[in-house]
Q: 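Before I ask anything, let me first share the structure, which is written out below as structure tokens.
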Amino acid sequence: MPPLPRDFFARDTLQVARDLLGQVLVRLLDGERLSGRIVEVEAYIGEDDLASHARFGRTSRNEAMYGPPGHAYVYQIYGLHHCLNIVTEAEGFPAAVLIRALEPLEGLEQMRQRRGVADPVLLTAGPARLCQAMEIDRRLDKADMCAPDAVLFVDAGAPVPDDQVATGPRVGVQGDLRARTVPWRFYIRDHPCVSGRRTTRDVR
DNA sequence: GGATCGATCGGCT
DNA sequence: GCCGATCGATCCG
């Protein structure tokens with residue numbers, strides 16, 4: 001099964017974020033295949049988005065966001081956690097989708113060992129949790145997720161209909177009013193693996 | 001259930 | 001020097 005093509009990511013970031021729900025994130029590791037269905041994402045769009053790492057312009061840390069679409073942007077936060085984004089839109093414009101939660105599908109045993117918990121819901125419900133479960137760290141920053149030999153990529157999954165999609169403000173964003181209220185978080189309604197609080201609001 | 005706090009460090013204003 | 005797109009432990013009610 002080939003990964004989703006670069007064209008999928010070279011689109012409007014809100015559209016990519018919404019369409020990523022239901023797709024399958026795959027990590028090849030130690031000859032095994034770890035995977036999970038994407039159930040929660042957030043969009044970060046341009047330097048004018050005051051919640052984005054690109055708000056201060058291009059730096060060595062956020063360089064991947066300015067690169068070609070379909071590549072990973074992996075950063076470390078609070079000194080100990082990692083978060084995975086997938087770069088979107090045209091090269092040169094800093095935008096990406098943060099992968100916030102998965103429903104684990106394959107490789108649960110390996111995930112349990114890495115996470116140190118047994119409950120499947122707690123394996124990948126949260127941006128740092130899923131990175132720990134799949135051993136995603138800064139070595140994968142800028143990795144091409146559309147390459148034929150990628151060890152991290154997105155496979156096609158069953159589409160999620162609009163009536164199962166909810167939106168809301170992004171988690172953990174503070175400060176600027178627009179940045180913290182704009183509904184750029186997308187998640188599958190009532191899914192147990194979604195992290196954080198669950199406001200309910202329909203897509204359109 | 002909710003609020004609060006510490007961990008831990010690279011990048012930045 | 002300050003602080004963060006988080007998590008888990010702990011305390012309170």
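The model shown is predicted, which means the values in this text are computed figures rather than measured ones. In what follows, chains carry the letters A, B, and so on, assigned in the order in which the sequence lines appear, proteins first and then strands, with residues in each chain numbered from 1.
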Q: With a 4.0 Å cut-off on N to O distance, would you call A/Arg37 and A/Asp155 a salt bridge?
A: no
Q: Atom CG of A/Leu80 to atom C1' of B/dG11: distance rounded to whole Å?
A: 16 Å
Q: Is A/Arg115 close enough to C/dG8 that one of its side-chain N or O atoms is under 4.0 Å from OP1 or OP2 there?
A: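 A/Arg115 to C/dG8 OP1/OP2: side-chain N or O found under 4.0 Å.
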Q: Could you say whether A/Ala125 or A/Gln174 is positioned toward the 5' end of DNA chain C, judged by the nucleotide with the nearest heavy atom to each?
A: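 Its nucleotide being nearer the 5' end, the pick is A/Gln174.
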Q: Side-chain N or O of A/Ser60 versus OP1/OP2 of B/dG11: is the shortest distance under 4.0 Å?
A: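 A/Ser60 to B/dG11 OP1/OP2: no side-chain N or O under 4.0 Å.
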Q: Is it the case that A/Arg11 places NZ or CZ above or below the six-membered ring of A/Phe9, under 6.0 angstrom from the centre and within 45 degrees of the axis?
A: no
Q: Look at the side-chain N and O atoms of A/Arg100 and state whether any lies under 4.0 Å from the OP1 or OP2 oxygen of C/dT6.
A: yes
Q: Is there ring stacking between A/Tyr44 and C/dA5, where the centres must be under 5.5 angstrom apart and the planes under 30 degrees?
A: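 A stacking contact exists, since A/Tyr44 sits close and nearly parallel to the base ring of C/dA5.
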Q: Specify the separation, in whole Å, of atom CG of A/Leu98 and atom P of C/dG4.
A: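 Going from CG in A/Leu98 over to P in C/dG4 covers 16 Å.
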Q: Need one value for A/Ala128: base, sugar-phosphate or nothing, where a base atom within 4.0 Å counts as base even if backbone is also close, heavy atoms only.
A: sugar-phosphate
Q: Under 3.5 Å for both pairing distances: what stems, at least three Watson-Crick or G-U pairs long, include DNA chain C?
A: B:1-7 with C:6-12, B:9-12 with C:1-4
Q: Decide whether a cation-pi geometry holds between A/Arg170 and A/Tyr44; the criteria are a distance under 6.0 Å from NZ or CZ to the six-membered ring centre and an angle within 45° of the ring axis.
A: yes
Q: Listing request: all salt bridge (charged side-chain N to carboxylate O under 4.0 Å, His left out) pairs with a residue in residues 111-130 of chain A, at least two apart in sequence or in separate chains.
A: A/Asp30-A/Arg114, A/Glu109-A/Arg112, A/Arg114-A/Glu135
Q: Using the C1' atom in both, what is the distance from C/dC3 to B/dG6, to the nearest Å?
A: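 Approximately 14 Å lies between the C1' atom of C/dC3 and that of B/dG6.
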Q: Please report the distance, rounded to the nearest Å, between CG in A/Leu130 and C1' in C/dT6.
A: 12 Å
Q: Within this structure, what is the CD-to-P distance between A/Gln132 and C/dC7, rounded to whole angstrom?
A: 10 Å
Q: Could you state the CG-C1' distance from A/Asp119 to C/dC7, rounded to the nearest angstrom?
A: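 Going from A/Asp119 (CG) to C/dC7 (C1'), I get 15 Å.
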Q: For A/His81 and C/dC7, give me the distance from atom NE2 to atom C1', rounded to whole Å.
A: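 Spelled out: NE2 on A/His81 to C1' on C/dC7 is 4 Å.
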Q: Nearest-nucleotide wise, let me know which of A/Ala54 and A/Arg129 is further upstream toward the 5' end of DNA chain C.
A: A/Ala54
Q: State whether A/Glu47 and A/Arg55 are salt-bridged, where the test is any N-O pair (Lys NZ or Arg NE/NH1/NH2 against Asp/Glu carboxylate O) under 4.0 Å.
A: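 Salt bridge: no.
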Q: On DNA chain B, nearest-nucleotide positions of A/Tyr78 versus A/Arg138: which is more 5'?
A: A/Tyr78
Q: Do any N or O atoms from the side chain of A/Asp12 and from the backbone of A/Gln15 form a donor-acceptor pair under 3.5 angstrom?
A: yes
Q: Take atom CG of A/Asp49 and atom C1' of C/dA5, then tell me their distance rounded to the nearest Å.
A: 10 Å
Q: Can a salt bridge be assigned to the pair A/Glu32 and A/Arg27 using a cut-off of 4.0 Å between side-chain N and carboxylate O?
A: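 Looking at A/Glu32 and A/Arg27, the cut-off is not met.
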Q: For residues 73-87 of chain A, which residue pairs pass the side chain to side chain donor-acceptor pair (under 3.5 Å) check, not counting sequence neighbours?
A: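 Non-adjacent pairs meeting side chain to side chain donor-acceptor pair (under 3.5 Å): A/His53-A/Tyr73.
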Q: Under 4.0 Å between a side-chain N or O of A/Arg58 and OP1 or OP2 of B/dC12?
A: no
Q: Specify the separation, in whole Å, of atom CG of A/Asp137 and atom P of B/dC9.
A: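 Answer to the nearest Å: 15 Å.
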